[in-house]
Amino acid sequence: MIRFNDILEQVTAYNPQVDLDFLKKAYIFSAKVHKGQVRLSGEPYLIHPLEVANILARLRLDTASVVTGLLHDTLEDTFASLEELRENFGEEVTQLVDGVTKISKITLKTSEEDQAENFRKMILAMVKDIRVILVKLADRIHNMRTLKYQLPSKQKTTAQETLEIYSPLANRLGIEWIKKELEDLSFRYLHPDIYTDIQRRIAKKEKERERYIEEVKRIITKKLFEYKIEAEVMGRPKQIYSIYKKMNAQDIDFDQVYDLTAFRVIVNTVKQCYEALGILHSLWKPVPGKFKDYIGLPKANRYKSLHTAVIGLYGERMEIQIRTSDMHQVAEEGIAAHWKYKEEKFTEGEDDKRITWLRQLLEWQRELQDNSEFLETVKMDLYPNDVYVFTPKGEVKEFPRGATPIDFAYSIHSDVGHRCIGAKVGGRLVPLKYQLKSGDSVEILTSPNHKPSKDWLKFVKTSRAKTKIRQWIKKEQRERSIALGREICEKEFRRFSLNFAKLVKSGKMEKVTDDFGFQAVDDLMASVGYGKISSKQIVGKLVPPEELEAGDKKKESRIEKIIQLVQKKPQDAIKIQGVDDMMVRFASCCNPLPGDRITGFITRGRGITIHTVDCSNVLNNDPQRKVKVEWDLRHKHTHPVRIRVICTDRKGLLADISSSITSNEANITNAQLNTTQDKRAICTFAVEIKDLNHLRKVIASLEKIKGIVTVERLKI
């Protein structure tokens, strides 16, 4: 258990000028307001702020940050007030505590709309003062360390949120040890059986592994010393979550993961990094394609290191990282490594891309009005980039793996992206779908009359390219909808001898526009074009009731029926039953199930199509065509779902899988089976499922079968 004196010693070690009285005052205040409170573990609540402050001290943060760690829960969980904090600890600490409190109140696992809106608030808090998110990361680590005391449902929700948001944030900010710990802790609760199995297999060879690590360290140290290079050599088993990802990505068993041990060599200079690399490659045979130079081309989070893999001692594959001590500090502490203690403020270097990235988030949250699109954009950008290409002038640009020339074009300028008709890589023409490789030299070909294609959204990778293409498409859709809306209105107006242009000139259309809650006539026309408002409703505002009744009562069109359905309950969502009808159908791209978060999308001539909220086909279309919908759970129907099962190819396994599915009251309508050279079977089943809970039950049952590696729902 951490003691307050341990924190004081840590802070004093890296900041001798620290105001110890200020820290003691915060500790006493926290102990006073949390007195009598206990955590679910039964420990005094004060243990939590002490642990958070200790993590912040480990990050070598300034005094205000450590004090905030001690006080971070006082506003949320005690009777302490902002005024009281301001009076005792000043404006800086008060603002930090208030920022952390606001983030803590954000629940990311609510509806998609709320989740995205709350994530906006978190981003704004981060941009205002980066220390807020550093304190929150420390808070999340300790909460994850003690997650076993929560209910199983809470454990999974918190773990998923941590893996999706907080771990990638730590990675984007360059704090490697926090990222890895959060990943392993999340994995432990999301897939406990797999986690325990990998942990057990690693532990089984622990003593043998320790001897191996010590022997390799001794050989490397001795060899480098012969070349007069002083080095600190460290060895460790690979992270459990990292092993799991490798097994999944390469579709292999644990026994086929050969590089279970990673070594780190820390030297004094950049020159020695490359010298050490040459020495190690002369000592052991390097694995082709596994060398990466993150010193010459640092990652987006400013990570620098040389990475290589060699066939080492006893023919075992080893991963080796080579870096200087300064690089190691940045790799471990990330953005926190740039803190200046004497001035007690964060100083930003001109080349610090982490701050640039935070500012980019601020720009996105202003540009992207649709919340779910904003959340998808940010999540996409949280993951690491590792493809480096060159402009014709030799400038290095960084992209996610799988990025294309279209991504490259949009990174130069929006207009270059919009007008891109082709690309040359190394002087040779390549398709726009070509996936960029590190070292490529890219030249973009443009035409002033060319326009973006909606199909580009299927293969571009960067959030910037996706955002700009969507914005252009929405603008085009809006212009078409305005023209269509005006055409529909003019046709309806003629039946009542009304002239659209004269109505606009006289100001009558502006009054109608105000009545419908729009700012401009174009907005009203766009809404008619989208199918959200009918021309009859507009005529109803312009023509007396008796003239309307005298008019021709023609049959309502299909889209008008949809509009009436949408407007029947203006405050509530449309209730969607479990079967398609003439105006509501379920999208085959994502196959939504009762229990999935869903949204409706109005399509002219085809009614409302129901998608899951994270379906790319909805994210890539105009948000103004969306309508709020929810399941009518009183009606029980089955829905088609595709499930992919990866397993070892053994006799009788297919029968076990079929029996498991049918015993859970699910009907198999189609099955596709393929085997791989390494004796694996990939089985895809089309299954009739009642709802999301039913699907989870089927998947859980399949995962218990001996020989099953993974089970997943396919949405595309």
**R642 versus T684, side-chain donor and acceptor atoms under 3.5 Å** = no
**Fill in**
By side-chain hydrogen bond (donor to acceptor under 3.5 Å, both in side chains), Y241 pairs with (sequence neighbours left out) none
**Request:** Apply salt bridge (charged side-chain N to carboxylate O under 4.0 Å, His left out) to E703 and list each qualifying residue two or more places apart in sequence or on a separate chain.
**Result:** none
**Asked** Can you pull the ring pair (Phe, Tyr, Trp, His ring centres under 6.0 Å) pairs that have at least one residue in residues 691-712, sequence neighbours excluded?
**Response** none
**Request:** Output all residues satisfying ring-ring contact (aromatic ring centres under 6.0 Å, His included) with Y410, sequence neighbours left out; order by chain, then residue number.
**Result:** H418
**Prompt:** Partners of S701 by side chain to side chain contact (heavy atoms under 4.5 Å, CB included), sequence neighbours excluded?
**Reply:**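 For S701, the residues satisfying side chain to side chain contact (heavy atoms under 4.5 Å, CB included) (neighbours in sequence not counted) are S660, N664.
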**With sequence neighbours excluded, residues passing side-chain hydrogen bond (donor to acceptor under 3.5 Å, both in side chains) with E479** =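 Residues passing side-chain hydrogen bond (donor to acceptor under 3.5 Å, both in side chains) with E479: none at all.
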**Prompt:** Is the closest basic N to carboxylate O distance between E476 and K454 below 4.0 Å?
**Reply:**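 No, E476 and K454 are not salt-bridged.
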**Request:** Please list, chain by chain and in numerical order, all residues satisfying side chain to side chain contact (heavy atoms under 4.5 Å, CB included) with D193, sequence neighbours excluded.
**Result:** none
**Request:** Could I get the full list of salt bridge (charged side-chain N to carboxylate O under 4.0 Å, His left out) partners for E51, not counting sequence neighbours?
**Result:** none
**Prompt:** Parallel, tilted or perpendicular: which describes the rings of F516 and F518, with under 30° parallel and over 60° perpendicular?
**Reply:** tilted
**Asked** What residues form a side chain to side chain contact (heavy atoms under 4.5 Å, CB included) with T612, not counting sequence neighbours?
**Response**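 For T612 the side chain to side chain contact (heavy atoms under 4.5 Å, CB included) partners, ignoring immediate neighbours, are C590, P592, D596, D614, C615, K715.
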**Complete:** Across all chains, not counting sequence neighbours, the side chain to side chain contact (heavy atoms under 4.5 Å, CB included) partners of R696 are L692, N693
**Complete:** Q155 meets the side-chain hydrogen bond (donor to acceptor under 3.5 Å, both in side chains) criterion, sequence neighbours left out, with none
**Item:** By side-chain hydrogen bond (donor to acceptor under 3.5 Å, both in side chains) - contacts of T648 (at least two apart)
**Value:** none
